[in-house]
Amino acid sequence: MASSINQQEPWQMENGQPKGLSREGRHGRTAHNMSSSSLRKKSDIKLVSKVPCALLRTFLANLQEVILGTKLSILFPAIPLAIAAHSFGFGRPWVFALSLLGLTPLAERVSFLTEQIAYYTGPTVGGLLNATCGNATEMIIAIFALAQGKIEVVKYSLLGSILSNLLLVLGTSLLCGGIANLGTQQKYDRRQADVNSVLLLLALLCQLLPMLFSYASASSAAVTLESTLQLSRASSIVMLMAYVAYLVFQLWTHRQLFEAEEDEREGENSSEEEAVIGFASGFVWLAGMTLVIALLSEYVVQTIEDASDTWGLSVSFLSIILLPIVGNAAEHAGAVIFAFKNKLDITLGVALGSATQIALFVVPLCVVVSWIMGIKMDLNFNLLETSSLAIAIIVTAFTLQDGTSHYLKGLVLLLCYVVIGACFFVSETPASNNGVNHINLELFRSA
């Protein structure tokens with residue numbers, strides 16, 4: 001329920017205090033939570049509090065907190081417009097564009113709702129929710145693309161999410177933060193960066209081996225593809241096990257490395273924070289938001305090829321560059337805002353944490369889900385894509401190795417992203433591909 005209403009609902013109180021808002025539940029906010037909160041705004045519900053009906057008052061208060069409680073609320077009209085454009089047969093590129101705009105505030109609101117639920121469940125369960133729902137948009141788009149056999153779209157979109165986090169988000173943040181704090185030496189805790197860099201290198205290894213195996217195998221193409229698929233599935237299980245170990249490391253044994261540090265003034269404000277919607281309401285809103293994300297994701301997958309043909313852009317460029325930028329715009333903006341405030345630990349937590357989650361959890365999960373669905377998706381992302389990922393991870397690891405930052409490091413990361421984006425912009429990727437796009441191994445060997 002909305003706690004900003006002067007009178008708390010009776011069932012929401014416990015020992016005279018809002019239920020679920022223990023001191024422990026208010027501390028240990030992750031960088032992802034703080035980044036998303038930078039785009040939120042307080043709702044003035046004085047008018048809503050005057051509604052006589054308690055049930056209607058609660059609904060309107062929740063509606064105002066969830067829909068109007070973000071600076072991205074101006075993009076919510078894109079959701080009904082996308083549905084109308086799809087229903088009345090408007091141009092499919094318009095459906096694609098409107099769906100992408102509609103996904104932007106929804107991704108931020110999912111983060112908001114998981115944080116609200118965490119007030120009642122505690123930081124550990126809240127961290128698990130964030131670890132599984134933090135990239136809900138990417139997972140839902142990937143599942144719909146898998147269901148339609150568009151494996152290349154799945155691979156491109158997930159690869160693009162990792163690249164955008166490592167190069168675009170981190171590069172923009174370090175560049176803007178360095179320019180805004182020219183007279184201040186920017187420092188951050190290297191330990192978190194080291195942990196994420198090692199995990200990203202593990203993910204790179206698991207994606208690199210299937211591609212190298214396909215080149216090195218002396219067997220026929222059919223046998224090689226089957227062996228590559230089995231190797232990819234085994235590697236995916238290993239990656240998921242590593243992600244579980246990462247969650248234990250992050251949420252239990254070394255939680256202090258991943259908790260966002262707040263200064264004294266913000267610490268006082270955070271101690272006064274409390275949930276603005278109830279526990280049950282949070283789950284209902286989260287389920288509703290997930291259904292809307294699923295609907296818009298289906299529109300995106302269905303219309304991406306038409307948008308590619310109409311706009312003259314390859315599917316690889318739309319999936320690797322455009323989809324991740326729009327889908328993660330909220331947390332990306334938050335990372336840049338905290339870089340301006342010289343809080344690079346939060347910025348690194350957002351960029352590296354999200355990239356690690358996608359590489360070690362979402363990618364292998366898609367392989368396992370496709371395995372269950374009877375679809376042959378492997379971890380062979382092809383030469384150009386895997387090389388781009390390797391460059392991004394290695395350059396980022398070297399950039400963060402000394403624990404200090406300046407604008408030149410951010411500029412280098414951004415230029416790497418521009419060069420990689422240019423490569424995919426000029427690439428001629430087929431607009432439709434119902435199977436895994438492998439290199440013809442027999443021709444390669446004969447050459």
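Between S405 atom OG and N342 atom CG the span is 9.0 Å, to the nearest 0.5 Å. Taken from OG1 in T70 to CD in E108, the straight-line distance is 4.0 Å, to the nearest 0.5 Å. Of the inter-residue distances, the one linking L360 atom CG with L200 atom CG reads 7.0 Å to the nearest 0.5 angstrom. In this structure, L240 CG and S235 OG are separated by 11.0 Å, a value rounded to the nearest 0.5 Å. Between L295 atom CG and L291 atom CG the span is 9.0 Å, to the nearest 0.5 Å. The SG atom of C416 sits 11.0 Å away from the CG atom of L166 when rounded to the nearest 0.5 Å.
Counting heavy atoms from C-beta on, the side chains of L286 and V110 come closer than 4.5 Å. Within the 4.5 Å cutoff, no side-chain heavy atoms of N196 are placed close to those of L400. Residues S297 and I140 meet the side-chain proximity criterion, which asks for heavy atoms closer than 4.5 Å. You'll find the side chain of W285 stays beyond 4.5 Å of the side chain of R109, heavy atoms only. Two residues are said to be in side-chain contact when any heavy atoms from C-beta on lie closer than 4.5 Å; Y417 and S164 meet this criterion. Counting only heavy atoms from C-beta outward, the side chains of L167 and L414 never approach each other to under 4.5 Å. C366 has its side chain within reach of V362: a pair of non-hydrogen atoms, C-beta onward, lies under 4.5 Å apart. Annotation: side chain of L170 is in contact with side chain of L174 (closest heavy-atom distance under 4.5 Å).
Considering every non-hydrogen atom in both Q192 and D345, the closest pair reads NE2-O, 4.0 Å. Of all non-hydrogen atoms in A147 and M373, the two that sit nearest each other are CA-CE, 3.6 Å. The nearest pair of heavy atoms linking L101 to A78 is CB-CB, 3.8 Å. The minimum heavy-atom distance linking G102 with L296 is given by the pair C-CD1, 3.8 Å.
Sparse packing is recorded around CE of M241, with 12 or fewer heavy atoms of other residues, nucleotides or ligands lying under 6.0 Å away. Other residues, nucleotides and ligands contribute more than 12 heavy atoms inside 6.0 Å of the CZ atom of F76.
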What verdict does the side-chain contact (heavy atoms from CB on, under 4.5 Å) test give for E385 and L389, after you've listed the backbone C-alpha separation in whole Å, the side-chain angles of each residue and the deciding distance to 0.1 Å? CA-CA 6 Å; E385 290 80 358; L389 179 61; over 6 Å; no

Is there a side-chain contact (heavy atoms from CB on, under 4.5 Å) between L247 and Y243 once you walk through the steps? CA-CA 6 Å; L247 290 182; Y243 186 72; 3.8 Å; yes

Evaluate the criterion side-chain contact (heavy atoms from CB on, under 4.5 Å) for residue pair K376 and E226; output intermediate values, then yes/no. CA-CA 9 Å; K376 295 182 178 181; E226 185 64 27; 4.0 Å; yes

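Remark: of the listed residues I304, I151, L318, I320, I320 is the sole one forming a side chain to side chain contact (heavy atoms under 4.5 Å, CB included) with Y156. Partner of F317 under the ring pair (Phe, Tyr, Trp, His ring centres under 6.0 Å) criterion, out of W311, F424, F425: F425 alone.
Both cation-pi conditions hold for K155 and F381: the charged atom is under 6.0 angstrom from the six-membered ring centre and inside a 45 degree cone around its axis.
Using a 30° and 60° split on the angle between ring planes, F279 and F283 fall in the perpendicular class, above 60°.
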